[in-house]
Amino acid sequence: MATGSASAVVIGGGVVGCAVAMELARRGAQVTLLERNPALALEASGTSSGILHTGFDSKPGELETELILRSAALRRPLLDALGVPVLECGAKLTPAGDEELAAVDALEANARANGVEVRRGPAGELEVPGEHVTDPVACTYAWASAAAGPGARILLDTPALGVEATEGGVRVQTPDGTVEADVAVDCAGLHGGEFTGDGPVVKPRKGEFLVFEQPDEPVGQISLPVPDERTKGVLVFPTLDGRVGAGPTAVDQEDPTDWSVSDEGEAFIRERLALRHPGLAGAPAVFRYAGLRPAGVDCNYVIGPASTPGLITAAAIRSTGLSASVGIGEYVAGLAAGMGIGLGEPEPVTAGAVPGPPPRSPWWRRTADYMAAAAP
Ligand SMILES: Cc1cc2nc3c(=O)[nH]c(=O)nc-3n(C[C@H](O)[C@H](O)[C@H](O)COP(=O)(O)OP(=O)(O)OC[C@H]3O[C@@H](n4cnc5c(N)ncnc54)[C@H](O)[C@@H]3O)c2cc1C
């Protein structure tokens with residue numbers, strides 16, 4: 001066991017909260033993780049593209065980039081130790097025309113500035129061998145299991161209702177009573193700050209996806225478009241269960257309970273597919289799902305002490321939180337240690353039991369099924 005003496009409450013059982021809980025527990029903290037839903041990873045973390053990004057296209061010097069790169073350096077032994085499935089397929093970005101070629105040249109330079117391995121192909125294509133696909137729900141459960149191994153308590157169906165400073169730390173209210181700790185970390189995604197009034201404004205940015213059976217010419221690699229200012233664009237990627245995902249869209253909305261896929265969203269994805277994957281553009285979809293990115297208003301990756309003493313915010317982790325999660329966990333542990341919380345060195349991971357039934361349906365339909373069943 002690590003020799004820390006700290007106690008911590010982590011609010012939110014998405015990939016960020018579970019990674020933070022894992023990193024604090026590995027350093028000896030007594031961790032309580034609160035999740036308001038009846039299972040982990042039912043929100044943004046269970047509805048992503050499931051890609052473990054390298055950071056090849058991230059802006060050098062930003063916190064997001066720093067944490068993606070750090071995560072990429074740290075996560076392999078954790079994924080192996082916890083048996084997280086990974087498809088080491090790599091990604092390819094094929095430019096169409098001179099304008100895109102110039103954009104791909106810039107991306108190559110960006111990747112090199114970030115120290116990420118890339119290769120150019122004869123038609124100017126950019127190959128990124130380190131971009132991999134995982135099951136984002138399995139990954140979140142693995143981080144939770146590695147928190148439970150050294151003793152973290154994971155409480156499902158338990159929303160945090162408020163956080164207040166105490167003389168020695170914080171007190172978190174839940175419907176079942178209060179939990180006291182040295183530090184609390186708000187990893188509540190779209191709902192971050194709601195129960196404290198403390199943190200950036202976060203709004204949903206919907207991303208819709210279509211899932212297909214593999215076409216005659218199978219998709220074995222992540223196929224990337226040239227990204228725009230706002231998003232990485234519509235990707236096509238193989239899933240671990242032998243299918244193909246295509247998406248996401250990027251639609252800002254106000255309603256954090258609307259997880260539906262619109263016909264316009266589907267049409268947009270099919271238009272994009274017609275340009276690069278015509279074999280998929282007219283194919284029937286096996287399923288369609290949407291995720292809501294926790295997008296900060298005029299901010300991104302807001303990770304630091306909140307104005308409530310003893311509370312750390314890890315909010316507005318919009319579009320790369322799966323990839324950066326281990327780095328975010330380490331970063332938050334560093335912030336907690338800097339607040340004088342007694343943490344030891346990280347111990348090797350040990351797996352423990354995560355409460356609730358394990359996820360059964362394929363990850364890409366789990367949230368949609370849950371939201372449909374929960375709808376009034
Ligand atoms: C469409 C889409 C595509 C994406 N693709 C990728 C990708 O390919 N690769 C990648 O790295 N990232 C990707 N992302 C981004 C990634 O999924 C997010 O950055 C990440 O999931 C954010 O994790 P989180 O834990 O902060 O949020 P969430 O997963 O939303 O978790 C927050 C949790 O807090 C809980 N909660 C809320 N309020 C309370 C409360 N009061 N008390 C207790 N619990 C509470 C919620 O129920 C939820 O479980 C994508 C996201 C989307 C939506």
Side-chain angles (χ1 to χ4, degrees), residues 9-21 32-55 58 64 67-68 71-72 75 91 131-134 136-137 139-140 143-144 154-163 172-175 179 184-196 199 202 204-209 222 224 231-232 234-235 237 245 247-251 256 259 261 265 289-296 300-303 313-329 364 367 370:
V9 180
V10 176
I11 301 162
V15 74
V16 170
C18 292
V20 167
T32 303
L33 184 141
L34 307 177
E35 168 53 53
R36 67 182 189 141
N37 285 325
L40 303 173
L42 276 168
E43 303 211 354
S45 299
T47 51
S48 72
S49 322
I51 296 175
L52 294 168
H53 295 295
T54 53
S58 302
E64 177 177 14
L67 297 179
I68 295 172
S71 216
R75 74 178 159 240
E131 295 271 308
H132 297 159
V133 170
T134 189
V137 173
C139 189
T140 305
W143 297 165
I154 298 173
L155 305 180
L156 302 176
D157 283 315
T158 310
L161 303 176
V163 180
V172 181
Q173 288 97 41
T174 79
V179 189
V185 190
D186 177 356
C187 306
L190 266 183
H191 302 279
E194 263 179 24
F195 42 89
T196 57
V202 176
R205 181 172 295 167
K206 181 180 281 183
E208 295 148 300
F209 292 93
I222 304 162
L224 302 169
T231 76
K232 290 179 188 293
V234 170
L235 337 169
F237 52 94
T249 56
V251 183
W259 296 75
V261 176
Y289 71 95
L292 299 183
R293 304 171 184 88
N300 190 30
Y301 271 66
V302 180
I303 309 178
T313 298
I317 299 168
R318 185 189 64 224
S319 48
T320 51
L322 170 68
S323 309
S325 55
V326 179
I328 296 170
W364 39 264
T367 293
Y370 168 73

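Position 1 is the first residue of the sequence; numbering continues from there. Counting convention: from 1, in listed order, for ligands and their atoms alike.
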- request: Pick one of side chain, backbone, both or neither for how S325 approaches ligand 1, counting any non-hydrogen atom pair under 4.0 Å.
  value: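 Neither part.
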Heavy-atom closest pair, residues [X] and [Y]:
| X | Y | result |
| --- | --- | --- |
| Q173 | V163 | OE1-N, 4.0 Å |
| E35 | G13 | OE1-N, 2.7 Å |
| P248 | G207 | CB-CA, 3.7 Å |
| G17 | L33 | O-CD1, 3.7 Å |

query: F237 vs F209 aromatic rings, parallel, tilted or perpendicular, using cut-offs 30° and 60°?
result: perpendicular
What protein heavy atom sits nearest [atom], and how far away is it?
| atom | value |
| --- | --- |
| atom 21 (O) of ligand 1 | S45 OG, 2.9 Å |
| atom 49 (O) of ligand 1 | E35 OE1, 2.6 Å |
| atom 52 (C) of ligand 1 | R293 CG, 3.5 Å |
| atom 17 (O) of ligand 1 | A44 O, 3.4 Å |
| atom 9 (N) of ligand 1 | I51 O, 2.8 Å |
| atom 31 (O) of ligand 1 | G14 CA, 3.4 Å |
| atom 50 (C) of ligand 1 | S48 CB, 3.4 Å |
| atom 40 (C) of ligand 1 | A160 N, 3.7 Å |

Would you check whether [X] has a nitrogen or oxygen atom less than 3.5 angstrom from a nitrogen or oxygen atom of ligand 1?
| X | answer |
| --- | --- |
| T320 | yes |
| H191 | no |
| L322 | yes |
| R36 | yes |

- request: Determine, considering heavy atoms only, which of G13, C187, P38 sits nearest to atom 32 (C) of ligand 1.
  value: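 When every heavy atom of G13, C187, P38 is considered, C187 comes closest to atom 32 (C) of ligand 1.
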- prompt: Given C139, S319, G291, which has its nearest heavy atom closest to atom 13 (C) of ligand 1?
  reply: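 That would be S319.
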message: Any heavy atom of L292 closer to ligand 1 than 4.0 angstrom?
response: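 Judged by the 4.0 Å heavy-atom criterion, L292 does count as contacting ligand 1.
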Test your reading of the model: is there a side-chain donor-acceptor pair from [X] to the backbone of [Y], 3.5 Å cut-off?
| X | Y | value |
| --- | --- | --- |
| S323 | A72 | no |
| T367 | L42 | yes |
| D186 | G193 | yes |
| R293 | R205 | yes |
| T54 | E131 | no |
| T249 | E208 | yes |

message: Test side chain to side chain contact (heavy atoms under 4.5 Å, CB included) on L40 and L156; report intermediate values, then the result.
response: CA-CA 8 Å; L40 303 173; L156 302 176; 3.9 Å; yes
- request: Check the pair T320 / Y301 against side chain to side chain contact (heavy atoms under 4.5 Å, CB included), numbers first and verdict last.
  value: CA-CA 10 Å; T320 51; Y301 271 66; 2.7 Å; yes
If the cut-off is 4.0 Å to any non-hydrogen atom of [X], which atoms of ligand 1 fall inside it?
| X | answer |
| --- | --- |
| P159 | 42 (N), 43 (C) |
| S49 | 3 (C), 4 (C), 5 (N), 6 (C), 8 (O) |
| G207 | 1 (C) |
| F209 | 1 (C), 3 (C) |
| R318 | 15 (C), 18 (C), 19 (O) |
| G50 | 8 (O) |
| I317 | 18 (C), 19 (O), 22 (C) |
| N37 | 47 (O) |

task: Would you please test E64 and S319 for side chain to side chain contact (heavy atoms under 4.5 Å, CB included) and show each step?
output: CA-CA 10 Å; E64 177 177 14; S319 48; 4.3 Å; yes
